[in-house]
Amino acid sequence: MTVDKNDVKLIKDSLAKVMVGTGAENLQHGRDFYKYFFTNFPDLRVYFKGAEKYTAEDVQKSERFEKQGQRILLATHILANTYEDLEVFKAYARETVTRHRQFKMDPALWLAFFTVFVGYLKSKNAIDDDETEAAWHRLGKIFNEECQKHLKASGLPSTEGQTA
Ligand code: HEM
């Protein structure tokens with residue numbers, strides 16, 4: 001399977017607008033992800049121990065989410081930058097699942113994450129066309145397939161075999 005080069009370009013161009021880094025603007029991009037996440041998907045705060053009731057204002061003031069904001073942004077940049085090197089991309093998907101094992105997440109969230117992330121990119125005006133959105137969802141589909149395979153192989157609950 002080969003990945004569409006235009007998809008890679010669209011994805012990277014969107015991420016260029018939420019670049020990681022140490023500057024005030026970069027740190028704010030990261031915080032903004034969790035502000036968007038917790039405001040629009042408040043039920044998912046349950047996985048973030050101690051932050052289950054965090055508002056956007058709490059995230060803004062939090063050192064934990066300043067750091068975590070950079071981690072999640074870096075992770076999405078890694079997805080974009082490894083996408084054409086599919087075996088590396090898939091290995092990163094498996095590693096991500098392994099690192100989240102302790103959170104006992106609903107397996108459906110591995111795909112749902114991309115709805116959250118696309119919503120965040122739109123909120124940052126980093127996506128303003130359907131093609132880029134579709135490109136992210138194609139990436140998410142491949143990422144999720146590998147996550148579900150890995151969950152299954154690890155004997156953990158997966159969406160494989162579940163009806164939607
Ligand atoms: C809706 C889906 C997801 C949920 C609910 C979730 C939840 C979490 C939680 C609870 C933490 C610990 C942070 C803390 O409590 O301060 C975490 C860390 C992290 N997550 Fe996620 N996560 C999701 C999807 C993803 C995806 C798709 C990626 C990668 C593309 C990712 C990458 C990371 C990274 C890099 C960390 C930092 C810790 C580490 O590297 O192991 N997460 N996540």
Side-chain angles (χ1 to χ4, degrees), residues 3 7-8 11-12 14-16 18-22 26-27 29-124 126-127 132-133 135-152 154 156-159 162 164:
V3 165
D7 275 13
V8 178
I11 287 166
K12 283 188 178 171
S14 66
L15 281 179
V18 289
M19 192 40 82
V20 285
T22 54
N26 309 107
L27 297 176
H29 293 325
R31 283 190 206 100
D32 285 346
F33 173 78
Y34 285 99
K35 289 170 83 169
Y36 176 84
F37 191 17
F38 289 180
T39 302
N40 293 284
F41 302 88
D43 293 356
L44 296 181
R45 292 176 301 180
V46 68
Y47 295 108
F48 294 82
K49 287 271 159 291
E52 295 93 336
K53 301 226 162 80
Y54 266 33
T55 61
E57 214 177 300
D58 296 323
V59 170
Q60 183 61 33
K61 290 184 289 195
S62 154
E63 203 183 317
R64 170 178 170 194
F65 286 98
E66 178 183 300
K67 294 204 171 87
Q68 183 57 28
Q70 289 301 297
R71 290 192 191 106
I72 194 71
L73 274 191
L74 177 58
T76 57
H77 280 265
I78 289 172
L79 293 183
N81 282 276
T82 57
Y83 195 24
E84 280 184 285
D85 206 347
L86 216 47
E87 282 313 309
V88 177
F89 177 90
K90 287 187 196 167
Y92 187 68
R94 296 193 298 275
E95 177 65 19
T96 302
V97 167
T98 300
R99 288 200 197 175
H100 284 72
R101 197 172 168 153
Q102 59 188 304
F103 307 126
K104 301 188 170 30
M105 273 162 49
D106 177 340
L109 290 175
W110 293 114
L111 185 61
F113 174 81
F114 293 90
T115 299
V116 179
F117 197 68
V118 163
Y120 157 73
L121 289 174
K122 284 183 167 175
S123 78
K124 298 284 289 179
I127 291 186
T132 306
E133 186 169 346
W136 268 107
H137 285 302
R138 282 190 281 274
L139 177 151
K141 186 168 179 275
I142 298 171
F143 179 85
N144 177 58
E145 278 166 10
E146 189 61 23
C147 291
Q148 301 305 328
K149 252 198 229 169
H150 187 58
L151 286 167
K152 203 177 173 197
S154 310
L156 295 168
S158 78
T159 59
Q162 279 180 16

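Order of appearance sets the numbers: ligands from 1, and atoms from 1 within every ligand. Sequence positions, counted from 1, serve as the residue numbers for this chain.
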*Asks:* Going by heavy atoms, is F114 under 4.0 Å from ligand 1?
*Replies:* no
*Asks:* Please determine whether any non-hydrogen atom of K49 lies less than 4.0 Å from an atom of ligand 1.
*Replies:* no
*Asks:* Applying ring-ring contact (aromatic ring centres under 6.0 Å, His included), can you list everything that pairs with Y36, at least two apart in sequence or on another chain?
*Replies:* none
*Asks:* Excluding sequence neighbours, so at least two apart, what forms ring-ring contact (aromatic ring centres under 6.0 Å, His included) with Y120?
*Replies:* F33, F117
*Asks:* In this structure, are over 12 heavy atoms from other groups packed under 6.0 Å from K124 atom NZ?
*Replies:*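 Result for NZ/K124: enclosed.
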*Asks:* Protein N/O/S atoms under 2.8 Å of atom 21 (Fe) of ligand 1?
*Replies:* H100 NE2
*Asks:* Side chain or backbone of W110 under 4.0 Å from ligand 1, or both, or neither, by non-hydrogen atoms?
*Replies:* side chain
*Asks:* Looking only at distances, can you tell me whether any N or O atom of R64, backbone or side chain, sits closer than 3.5 Å to an N or O atom of ligand 1?
*Replies:*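 Checking ligand 1 against R64, an N or O pair does fall under 3.5 Å apart.
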*Asks:* For ligand 1, which atoms, with element, lie under 4.0 Å from some heavy atom of L79?
*Replies:*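 Numbered from 1, ligand 1 contributes 30 (C).
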*Asks:* Which residues satisfy the side chain to side chain contact (heavy atoms under 4.5 Å, CB included) test with R101, sequence neighbours excluded?
*Replies:* L156
*Asks:* When you look at CD of E57, are more than 12 heavy atoms from neighbouring residues, nucleotides or ligands closer to it than 6.0 Å?
*Replies:* no
*Asks:* Aromatic contact between F38 and F48, with the criterion being ring centroids under 6.0 Å apart: yes or no?
*Replies:* yes
